[in-house]
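A quick note: this is a predicted structure, and the numbers were derived from the prediction, not measured.
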Number of protein chains: 2
Amino acid sequence: MSLGWEDLRETIGARIRAREWPPGALIPAEAQLAADYGVARATVNRALQSLAEDGVIERRKRAGTRVAELPARRARLEIPVIRLEVEGRGAAYGFRVTHDAEEPLPAEIAQRMRLAEGAPLRHLTTLHLADGAPHAHEDRWLNMAALPQAADFAGLSVNEWLVAHVPFQGGDLAFLAAPAGAAEAAALEVAPGAALLVTERVTFGPEGGITHVLLWHRPGHRVETTL
Amino acid sequence: MSLGWEDLRETIGARIRAREWPPGALIPAEAQLAADYGVARATVNRALQSLAEDGVIERRKRAGTRVAELPARRARLEIPVIRLEVEGRGAAYGFRVTHDAEEPLPAEIAQRMRLAEGAPLRHLTTLHLADGAPHAHEDRWLNMAALPQAADFAGLSVNEWLVAHVPFQGGDLAFLAAPAGAAEAAALEVAPGAALLVTERVTFGPEGGITHVLLWHRPGHRVETTL
DNA sequence: GGGGCGATTATGTATAGACATATTAACCGC
DNA sequence: GCGGTTAATATGTCTATACATAATCGCCCC
């Protein structure tokens, strides 16, 4: 039995982490590694391609493959889905829509959604619950014009309805810290001004901006990943 | 000229985003797609493998490939490197070590580094500067026992010295929000209690925990990625 | 009709060969 | 030397083929 490309990726990755080849150094060519390990060049290529994707190595034709100056540059981030997050902790998920009206779009959000300021969008705020206790406060602007006609998200949270029904082409995701305003403090039952982690997400479809979401998490919330 | 696997990935990704196949639906088998697009099955496989890596589709042998219930679940996060971040904004990077002493490891951090509480580690705080102005405040615990003998990080920031010289095997990364304490407020020249985004990073080597870092960013700092 | 087992099928992966492409290194003429 | 052209080389990728593996489907037996 021979090595698979994932094994090879691990092996070579380990040699890099062990500083056998220091950052910036050239590593042997594909053909050489293929001979060393007794596999086909395509297998080595697949392994190296995978390492390159994670930013561990940098490859250029003719110039060869070298260890990145700053290896471990990219991490995969699992995008949080609130319901799964809550259920993953063994709690029952629930939510309550606390506000729902058509309002003119504020300038800052209009810019992020690449829409005109003051356009009338649907403004929803939702409180997400874990076992009945506040878990996160959502502030969403929704561009109804970008939605299919039958927009009926009964039962599901708006987010999951969107994911399931509306085509999207891309979006932006950001993490920031902000002090709890009056609304957030009341919803999450924390002191005004408390430092909260906020997730901001914008999604775009073929027609332009679909939705803008600010998610205010409870104090102590962490977004985690591994290197 | 035929399609490359990256083109194919885009094409199929677009058909998925356009809801041609809704979440949960089966998509045609590799052999079918290969015939449709006039390419080899290996090419289709490479494209689908890439989509699966990003969580857009889920694949099981014999059962086929289906669109994920919640597509766009994983994003690639470029791990921030302060110097590059500052220089990327066209500012001059600098730093100043504001504290450097051997101290007993606090319980909370010991737990995250998987070391014994109270172990004597080197405790450094560093102020990172952009054009001379405070940009971020770093609070680092360093396990000198896990370092090569000649630990002389003159000139470089400790972080870059570590990346370049110390083998590591993995680590954890987290984002959280916290109010500025007295030290952070003074260093960053903000009001105590201000909501700051904090990056926490722990790295492990063959000998165990190497370093634990808390990076306190200035107000308004955002960690961004795209979907 | 229920249970178990084997055939079928879709993906997973390896291989050898071929050609494309980018880039460096070498060469040559002036 | 200097500049520009050419050859050599490492990666990028596709193809066709082969076999491995997992899971499902359907048949057969009881």
What I want to find out is whether A:Arg66 reaches A:Glu58 closely enough, with some N-O distance under 4.0 Å, to be called a salt bridge.
no

Identify, between A:Ala42 and A:Gly64, the residue whose nearest nucleotide on DNA chain D lies closer to the 5' end.
A:Gly64

Which part of the nucleic acid, if any, lies within reach of B:Gln32 when heavy atoms closer than 4.0 Å are counted: base, sugar-phosphate only, or nothing?
nothing

Side-chain N or O of B:Gln49 closer than 4.0 Å to phosphate OP1/OP2 of C:dT11
no

Selected nucleotide, minimal atom distance to B:Lys61 side chain, candidates D:dA23, C:dG12, C:dA25
C:dG12

Using atom types as modelled and distance alone, determine if a side-chain donor or acceptor of B:His221 lies under 3.5 Å from a backbone N or O of B:His217.
no

Can you check the B:Glu6 CD to C:dA20 P distance for me, whole Å?
19 Å

What is the separation between atom OH on B:Tyr37 and atom P on D:dC14, rounded to the nearest whole Å?
15 Å

Look at the side chain of B:Ala63 and decide which nucleotide, out of C:dA16, D:dT24, C:dT24, has an atom nearest to it.
D:dT24

What integer distance in Å separates A:Trp5:CH2 from C:dG12:C1'?
10 Å

NA contact type, B:Ala29, heavy-atom cut-off 4.0 Å: base, sugar-phosphate, or nothing?
sugar-phosphate

Is B:Glu58 touching bases, backbone alone, or none of the nucleic acid, heavy atoms closer than 4.0 Å?
nothing

To the nearest Å, how far apart are A:Leu33 CG and C:dT15 P?
14 Å

Indicate whether OP1 or OP2 belonging to D:dT13 is found under 4.0 Å from a side-chain N or O atom of B:Thr43.
no

Please give, in whole Å, the distance from C:dT23 C1' to A:Arg66 CZ?
13 Å

Any side-chain N or O of B:Thr65 less than 4.0 Å from the OP1 or OP2 oxygen of C:dT11?
yes

Short question: side chain of B:Thr225, backbone of A:Leu173 - any donor-acceptor pair under 3.5 Å?
no

Nucleotide nearest A:Arg62 when distance is taken to its side chain, options C:dT15, D:dT13, C:dA22
C:dA22

For the backbone of B:Val56 and the side chain of B:Asp54, can you confirm whether one donor and one acceptor N or O come within less than 3.5 Å of each other?
no

Rounding to an integer number of Å, can you tell me how far A:Arg46 CZ sits from C:dA14 P?
9 Å

Counting heavy atoms from C-beta on, name the nucleotide in C:dT11, D:dG12, C:dA14 closest to the side chain of A:Asn45.
D:dG12

Nearest of D:dT24, D:dG12, D:dC14 to any side-chain atom of B:Arg60?
D:dT24

Main-chain N/O of B:Ala92 paired with B:Asp131 side-chain donor or acceptor, under 3.5 Å:
yes

State whether A:Arg41 places a side-chain N or O below 4.0 Å from either non-bridging phosphate oxygen (OP1 or OP2) of C:dA16.
no

